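Quick caveat, the model's predicted, so the values are computed rather than measured. Both backbone and side-chain heavy atoms feed into the values below; hydrogens, waters and symmetry mates do not. Residue numbers start from 1 in every chain, and the chains themselves are labelled A, B, ... in the order their sequence lines are given, proteins ahead of strands.
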Number of protein chains: 2
Amino acid sequence: MSIAVENFIKAIYKNDKHDGNDTKPGNIAKKLGISNAAATDMAKKLASRDLLNYEKYQELRLTEKGSKMALNIVRKHRLWEALLFKLFDMSLHEIHREAELLEHQTSDFLANKISAYLGNPKFDPHGDPIPNESGEITTVDNSIPLSKTQAGKSFVISRLMSDDKEFFDFCALHGLKYGNRIMVTNQFQNNKMTQISINHNTILLNEDFTNIIYVNEIN
Amino acid sequence: MSIAVENFIKAIYKNDKHDGNDTKPGNIAKKLGISNAAATDMAKKLASRDLLNYEKYQELRLTEKGSKMALNIVRKHRLWEALLFKLFDMSLHEIHREAELLEHQTSDFLANKISAYLGNPKFDPHGDPIPNESGEITTVDNSIPLSKTQAGKSFVISRLMSDDKEFFDFCALHGLKYGNRIMVTNQFQNNKMTQISINHNTILLNEDFTNIIYVNEIN
DNA sequence: AAATATTTTTAAGTTAACTTAAAATAAAAT
DNA sequence: ATTTTATTTTAAGTTAACTTAAAAATATTT
């Protein structure tokens, strides 16, 4: 499959999974930086290849085959991130940027080699789960975004759900890292602002960030 | 640059460097599995981008800019081979196959990371030199093909100049590996057949192989 | 040196992946 | 409920990277 097709399928998968937007051509087009017309064309084409279901003016839905494909690409992306993060001194943003390219030129054979080398990890350095060779994500994720937490409780960071350099720079600066421990000290303005304590520092986060930082409570 | 352009430039570079054929569109086309017409078109296009010099019916010659580009791709290819070979249990053929894809999706930034991780190696697992970031190959190569050696002398294998699976399988089977020591026991039929001794075994090689196995004499 | 074969080039056409502009439909606002 | 706005679709066109077929030039053979 071409890179364009792979990115299209992946964009649908991600939109479905995480983003609130409905999965229509326009939203996918926006993500990929292409025109709406191009997205509609691509949707029709992929429907004819049984990768997604397309009905005029309706949302796009991946077929079983399409989902498998998306998960395979996501797997490769996350394995690359895990490998690059382990071997080299690279930031979360940098590993993401490189994985975005490498994922499309990676055989299943090589993906399995990487996975085995890393001890078949279940999560990448962002805390995102790595699908297995069959496209299954076995691990259950009970984590919640920081914006949904209660003041006074302690948590471990489980996911940093972003592609954004600024966000990762901020995280690196304050020690916000997969696996690190934090305490929520205050919630303000109906959870629009969250105050946390990490490494004996207190920082205040707004919604933009607390919606993409996922945590698990420590009992 | 697109993958098609990169492969075209690389094919010219390699043809120039190693293969006896003249560097005309037809020979490049054959290597890339495209039509002669496509190669001519591409040659014209790349000439307009100052990557090569093109004159009707003449050989193609890379410009300074084109050579730099070729060496940059070759660098990435060989760094990937070195990394994959070190980390994973993969054959020379397999690392080549994967590097062939990865080389086109590798930033200079990542290439430098790989190089540093490996200790800025000067050679890849085939014994091919790895250009530095500026496209320079500093190491002098005095090695000669096995077909040019004299019986009775001892050598170290310095390069296995091939992309072919069969060849690498043969090499693996007999311990013909970069850095390994051999002795040339006989040359037959005007060097068309070469008998060598390796690991206490005697094997007979024909021209096809002795022209692509390079060695350095041990004094 | 002429005839033949091969290679290169030109010409015309295809496909994937886009674009812009206009028409059709759906969603939102009054 | 109707109008306005936004989105989706269709239509027509572009570019890169190919193809095949025929014409032009070069190489090879006799």
Side-chain angles (χ1 to χ4, degrees), chain A residues 1-16 19-62 65-66 69-70 73 100-101 103-105, chain B residues 1-16 19-62 65-66 69-70 73 100-101 103-105:
Chain A
M1 289 295 151
S2 71
I3 294 177
V5 168
E6 291 194 349
N7 280 331
F8 196 86
I9 293 287
K10 195 178 69 162
I12 294 176
Y13 175 82
K14 287 201 150 184
N15 197 73
D16 250 32
D19 310 342
N21 328 324
D22 50 14
T23 308
K24 286 185 177 174
N27 282 321
I28 304 303
K30 211 170 288 169
K31 288 202 180 188
L32 297 175
I34 61 176
S35 68
N36 285 8
T40 300
D41 279 2
M42 184 63 100
K44 283 187 195 169
K45 189 171 75 181
L46 299 192
S48 80
R49 292 196 208 168
D50 193 31
L51 289 166
L52 54 81
N53 295 125
Y54 172 75
E55 281 180 87
K56 272 192 190 182
Y57 300 106
Q58 301 308 119
E59 290 197 53
L60 308 175
R61 295 272 300 143
L62 293 179
K65 193 172 156 197
M69 191 177 183
I73 303 162
E100 204 68 11
L101 300 176
E103 63 185 8
H104 304 294
Q105 306 293 346
Chain B
M1 291 294 153
S2 71
I3 294 176
V5 168
E6 291 193 350
N7 280 331
F8 197 86
I9 293 289
K10 197 178 66 162
I12 294 175
Y13 174 81
K14 288 200 148 186
N15 197 72
D16 251 31
D19 309 343
N21 326 324
D22 49 13
T23 309
K24 287 185 177 174
N27 281 322
I28 304 304
K30 210 169 291 169
K31 288 203 181 190
L32 296 175
I34 61 177
S35 68
N36 286 9
T40 301
D41 279 2
M42 184 62 100
K44 283 187 194 168
K45 190 171 74 181
L46 298 193
S48 81
R49 294 194 206 167
D50 193 31
L51 289 166
L52 54 82
N53 295 124
Y54 171 75
E55 282 180 86
K56 273 192 191 182
Y57 302 105
Q58 301 308 119
E59 290 197 53
L60 308 175
R61 296 273 299 145
L62 293 180
K65 192 173 157 198
M69 191 178 183
I73 303 162
E100 204 69 11
L101 300 176
E103 63 185 9
H104 304 295
Q105 306 294 347

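The closest side-chain heavy-atom distance from Asn7(A) to Lys31(A) is not below 4.5 Å. At least one side-chain heavy atom of Val5(B) sits less than 4.5 Å from a side-chain heavy atom of Arg49(B).
Pro25(B) approaches Thr40(B) most closely through the heavy-atom pair CB-OG1, 3.8 Å. Across all non-hydrogen atoms, the minimal contact from Ala39(A) to Phe8(A) is O-CZ, 3.5 Å. Residue Gly66(B) comes nearest to Ile9(B) through the heavy atom pair O-CG2, 3.5 Å, listed as atom of the first residue, atom of the second, then distance. Residues Asn15(A) and Thr23(A) share a closest heavy-atom pair of ND2-OG1, 3.1 Å. In terms of heavy atoms, Ile73(B) sits closest to His104(B) at CG2-CE1, 4.4 Å.
In this structure, Leu32(B) places its CG atom 10 Å from P of dT19(D), rounding to the nearest Å. Look at CE on Met42(A): it is 11 Å from P on dT19(C), rounded to the nearest Å. When rounded to the nearest whole Å, the span between CD of Glu59(B) and P of dT9(C) equals 12 Å.
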Could I get a table of every N or O pair under 3.5 Å where one atom is in the protein and the other is in nucleotides 5-8 of chain C?
residue	atom	partner	partner atom	Å
dT8(C)	OP2	Gly26(B)	N	2.9

Original post:
Could you write nucleotides 11-16 of chain D as a row of B, S and -, 5' to 3', where a protein heavy atom under 4.0 Å of any base atom gives B, of only sugar-phosphate atoms gives S, and otherwise -?
Top reply: B----S
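Distance check: Leu52(B) CG to Ile28(B) CD1 gives 9.5 Å after rounding to the nearest 0.5 Å.
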